[in-house]
Amino acid sequence: VARAALHRPFDDDGNAAARGTAHPVATEQLCESLASQRRSGRSLGSGDETSSWIDRWVHSLSPDDAAASVSTAIARTIAAAIPEDSEVLCAGGSVRHRHLMATLSTSLARTVATTAHCGIPPTARESVEMALLGALCADGVPITLPAVTHVHAPAPISGAWFNVRGIPSHRSMTQP
């Protein structure tokens, strides 16, 4: 939407969306499309979920209103998937999108924080995830979800562990 309406790669800090007003019909249509995609088991963010919406709305809304409508629809879709009693922590570049974060908070009727609240910089999310998966793997804990990957047993790991100086440790990585 940013490329089509704003002629930019993204809405920097959500400034355009913050200046705009979400169009009720356009927002609801996108919410319905995103909800349908979610129910079908497809993840959001693949890029194709907004293409028909863009074709329909990008030329009839101001760029700022198009950005606000999309941001509002995404926030509502996320909010619909979050249980009422959950604490919500956000990470990644979207935490800088002021309109998305504010609309998510409003849609949930509670405060939305970033992972910085727990000592994890929002931009370090993937690094922390990989470190956690590595630690779990090192401890022999399966790191796949069979319902997602269809892998029902952890794959054997072979090789040697190295300490921080690059010297092989006493631990073997061979797992049954």
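Throughout, numbering of the chain's residues begins at 1 and tracks the sequence.
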Same apolar cluster (I L V M F W Y, side chains within < 4.5 Å links), [X]/[Y]:
{"X": "F10", "Y": "V58", "result": "no"}
{"X": "L89", "Y": "I78", "result": "no"}
{"X": "I120", "Y": "V95", "result": "no"}

For [X] versus [Y], what's the shortest heavy-atom pair and its separation?
{"X": "A81", "Y": "P83", "answer": "O-CD, 3.6 Å"}
{"X": "T72", "Y": "A22", "answer": "OG1-CB, 3.5 Å"}
{"X": "A26", "Y": "W53", "answer": "O-NE1, 2.8 Å"}
{"X": "S105", "Y": "T111", "answer": "OG-CA, 3.9 Å"}
{"X": "S71", "Y": "H99", "answer": "OG-ND1, 2.7 Å"}
{"X": "D11", "Y": "A2", "answer": "N-CB, 3.8 Å"}

Under a 3.5 Å distance rule, please check whether [X] uses its side chain to pair with a backbone N or O of [Y] as donor and acceptor.
{"X": "T114", "Y": "A116", "value": "yes"}
{"X": "R110", "Y": "E84", "value": "yes"}
{"X": "S36", "Y": "E32", "value": "no"}
{"X": "S62", "Y": "D65", "value": "yes"}

In Å and rounded to the nearest 0.5 Å, what is the [atom1] to [atom2] distance from [X] to [Y]?
{"X": "M101", "Y": "D13", "atom1": "CE", "atom2": "CG", "value": "12.5 Å"}
{"X": "L61", "Y": "I54", "atom1": "CG", "atom2": "CD1", "value": "11.5 Å"}
{"X": "L34", "Y": "I74", "atom1": "CG", "atom2": "CD1", "value": "6.5 Å"}
{"X": "T77", "Y": "L30", "atom1": "OG1", "atom2": "CG", "value": "6.5 Å"}

N/O donor-acceptor pairs under 3.5 Å from side chains in residues 125-137, not counting sequence neighbours:
none

Verdict with supporting geometry, C90 and T115, side chain to side chain contact (heavy atoms under 4.5 Å, CB included): CA-CA 6 Å; C90 298; T115 54; over 6 Å; no

With T106 via side chain to side chain contact (heavy atoms under 4.5 Å, CB included) - residues at least two apart: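 With sequence neighbours excluded, T106 shows a side chain to side chain contact (heavy atoms under 4.5 Å, CB included) to no residue whatsoever.
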
From CA spacing to verdict: side chain to side chain contact (heavy atoms under 4.5 Å, CB included), H23, E28: CA-CA 8 Å; H23 185 279; E28 186 54 37; over 6 Å; no

CA sep, side-chain torsions, deciding dist, call: R56, Q29, side chain to side chain contact (heavy atoms under 4.5 Å, CB included): CA-CA 10 Å; R56 164 74 175 91; Q29 283 182 0; 4.2 Å; yes

Of V1, N15, D64, the residue whose pairing with L6 passes side chain to side chain contact (heavy atoms under 4.5 Å, CB included):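 Testing each of V1, N15, D64 against L6, the sole residue satisfying side chain to side chain contact (heavy atoms under 4.5 Å, CB included) is D64.
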
